[in-house]
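First up is the structure itself, then whatever we jot down about it.
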Protein chains: 2
Amino acid sequence: MKRLDCASCNIKSSAAKTLNVAELSIMGEHCSEVKFKKGETIFKENAFSSNIVYLKHGIVKIHIEGPNSEQIIKISKAPTYLGIPTTFDEKINRYSATALENTTVCFISLEMFKQFIRNNADFSYEIIVDLCKSELDSFNNTVNRAQKNISGRVADAILFFHKEIYKSKEFQIPISRIEFGNFVDTSRESVCRVLTDLDNGKIVKVRGKKITILDLELLKTISKNG
Amino acid sequence: MKRLDCASCNIKSSAAKTLNVAELSIMGEHCSEVKFKKGETIFKENAFSSNIVYLKHGIVKIHIEGPNSEQIIKISKAPTYLGIPTTFDEKINRYSATALENTTVCFISLEMFKQFIRNNADFSYEIIVDLCKSELDSFNNTVNRAQKNISGRVADAILFFHKEIYKSKEFQIPISRIEFGNFVDTSRESVCRVLTDLDNGKIVKVRGKKITILDLELLKTISKNG
DNA sequence: AACAATTTGTGATAATCATCACGTTTTTTA
DNA sequence: TAAAAAACGTGATGATTATCACAAATTGTT
């Protein structure tokens, strides 16, 4: 296993920031860094798992094979942990993670990670804060998926890419129309139709995967009211 | 504040089980036990919050006010923590909890709870395990809500009450038809129709709120395939 | 027990959205 | 660079489900 110099890593998680040099050195001995290309699977549902996965660079989708199609649960951007719930409680992964662009991840030995949690309460504290945040996100997500119509959900997704991922009004969406549908609980065709409507209304300029938000306020209104 | 004798409590959370007598005594000094009647609000979305809530007895619904209606995120049964994510990261509650039957909860001082997490890594560990479990549940929920049709989701809910809450084939559902709809992302009317179909097909006997599962296997099939 | 209020059940109708079909464009690969 | 494969856009159609309307049943109240 490649020895990593975690102490000098400047993309530490807030949990890792609580560790001292000695602890970071131990961590480096139980870590490996791997690069993935766009489209590659980082870890897969139902596969055995004994690593915590930390996303250092890049964007990934978290997805589960549903009864009808792939369900994209969320899209995550570095830096963040990817596989804490999936590895902590279960022996097998309960969801998959796939790179949406070239990414770098650290595979951290689960045993060592648990040691840190058991021995370092500050570390645990930060992990708990993280898990709480994602649970709240997940709850909000449930409401939005359930109660908004397709236009609202597509608008939501565009606003999500704008605010959470690219922090710009102009970006390339990292997913196909099919994946977009799997992300906002609708069909590829419906996504296309909503996008052309937004384009026709000069709210969002849509050119293939390239998105330019023209009227942010109106887009927010659509996100709220559908 | 009423002083509680946490040491002698036999409904301790797995986290609280890691505490020694001295710690449990401290906990008792920073806890208060409150009883709620069916229908009463335990804590409310957008209200200020400075307590961790532990459900000792009873069943509650966790809900969020959505753009169109109340969204029931989940239904939880004692013993469990209710408000970790809502209090840990935020100053205000991000969701409400309402008693579905007479319940007993402990309000635990957030400051003290954070002290335990910072000082007792075994305690933190158990909290993390809990949070991981609920995140996984939440992910599965997302898939089921998105990809199953109404029959499947209603069947799911009945199986949920059977397996997770009452552990019996016969029970009274603790929610109205409207709430049932808010729980499985549909209208009151659609819930009624699916329930009469299940009753007509002799799969589930439905008499008002009283449910008797007659054909468990068929119900599971409906849950899967709609 | 009688009344009011709420909850429930069910038919009719309308809206939303999925699916199908097919042509076009873009991307990948040989 | 040409061929093949994949992704995309859009119209037509049908299925699912929401909404409306109203009667029946249940629950709560005086």
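What you see is a predicted model; the values in this text were computed from it and never measured. So that the names make sense, note that chain A is the first sequence line, chain B the second, and so on, each numbered from 1.
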>> Please report the distance, rounded to the nearest Å, between CG in D197(A) and C1' in dC17(C).
In response: 13 Å

>> Can you see whether S8(B) engages D5(B) through a side-chain donor-acceptor pair at a distance of less than 3.5 angstrom?
In response: yes

> How would you list, by chain and number, every residue that makes a salt bridge (charged side-chain N to carboxylate O under 4.0 Å, His left out) with K56(A), sequence neighbours excluded?
Replying inline: E33(A)

> Which whole-number value in Å describes the distance from I178(B) CD1 to dA5(C) P?
Replying inline: 17 Å

>> Distance alone, cut at 3.5 Å: any donor-acceptor contact between the side chains of D185(A) and Q147(B)?
In response: no

> With sequence neighbours left out, what residues match E170(A) under side chain to side chain donor-acceptor pair (under 3.5 Å)?
Replying inline: K210(A)

>> If a pair means Watson-Crick or G-U wobble with both distances below 3.5 Å, what does DNA chain D look like in dot-bracket form, with | marking bases paired to a different strand?
In response: ||||||||||||||||||||||||||||||

>> Does anything in residues 217-226 of chain B form a salt bridge (Lys or Arg N to Asp or Glu O under 4.0 Å)? List the pairs, not counting sequence neighbours.
In response: E217(B)-K220(B)

>> Looking at K205(B) and D199(B), is there a salt bridge between them, counting it only when a charged N and a carboxylate O are closer than 4.0 Å?
In response: no

> What pairs of residues pass the ring-ring contact (aromatic ring centres under 6.0 Å, His included) test when at least one of them lies in residues 50-83 of chain B, not counting sequence neighbours?
Replying inline: Y54(B)-Y81(B), Y81(B)-F113(B)

> If you look only at pairs with a residue in residues 36-55 of chain B, which of them pass as a salt bridge (Lys or Arg N to Asp or Glu O under 4.0 Å), with sequence neighbours excluded?
Replying inline: none

> Is K61(B) paired with E70(B) through a side-chain N to carboxylate O contact shorter than 4.0 Å?
Replying inline: yes

> What is the distance, rounded to the nearest whole Å, between atom CG of N68(A) and atom C1' of dT19(C)?
Replying inline: 13 Å

>> I need a per-nucleotide contact map over nucleotides 9-18 of chain D, read 5' to 3'. Cutoff is protein heavy atoms under 4.0 Å; write B for the base, S for backbone only, - otherwise.
In response: BBBB----SS

>> Once side chain to side chain contact (heavy atoms under 4.5 Å, CB included) is applied, do any residues pair with A157(A), and if so which ones, sequence neighbours excluded?
In response: F180(A), F183(A), V184(A)

>> By the salt bridge (Lys or Arg N to Asp or Glu O under 4.0 Å) test, which pairs, at least two apart or in different chains, include something from residues 71-81 of chain A?
In response: K74(A)-E135(B)

> How does each nucleotide of nucleotides 23-30 of chain D score, in 5' to 3' order, for protein heavy atoms under 4.0 Å: base (B), sugar-phosphate only (S), or none (-)?
Replying inline: --------

> In chain order, what residues pass the side chain to side chain contact (heavy atoms under 4.5 Å, CB included) check against R188(A), with sequence neighbours excluded?
Replying inline: R177(A), I178(A)

> D199(A) has an atom CG; how far is it from atom P of dC8(D), in whole Å?
Replying inline: 15 Å

> From I64(A) CD1 over to T142(B) OG1, what is the distance, rounded to the nearest 0.5 angstrom?
Replying inline: 7.5 Å

>> Output the rounded distance in Å from CD (Q147(B)) to P (dA18(C)).
In response: 12 Å

What does the list of N/O pairs under 3.5 Å between the protein and nucleotides 23-30 of chain C look like, with a distance for each?
none

> Starting at CZ of F180(A) and ending at P of dA18(C), how long is that distance when rounded to a whole Å?
Replying inline: 14 Å

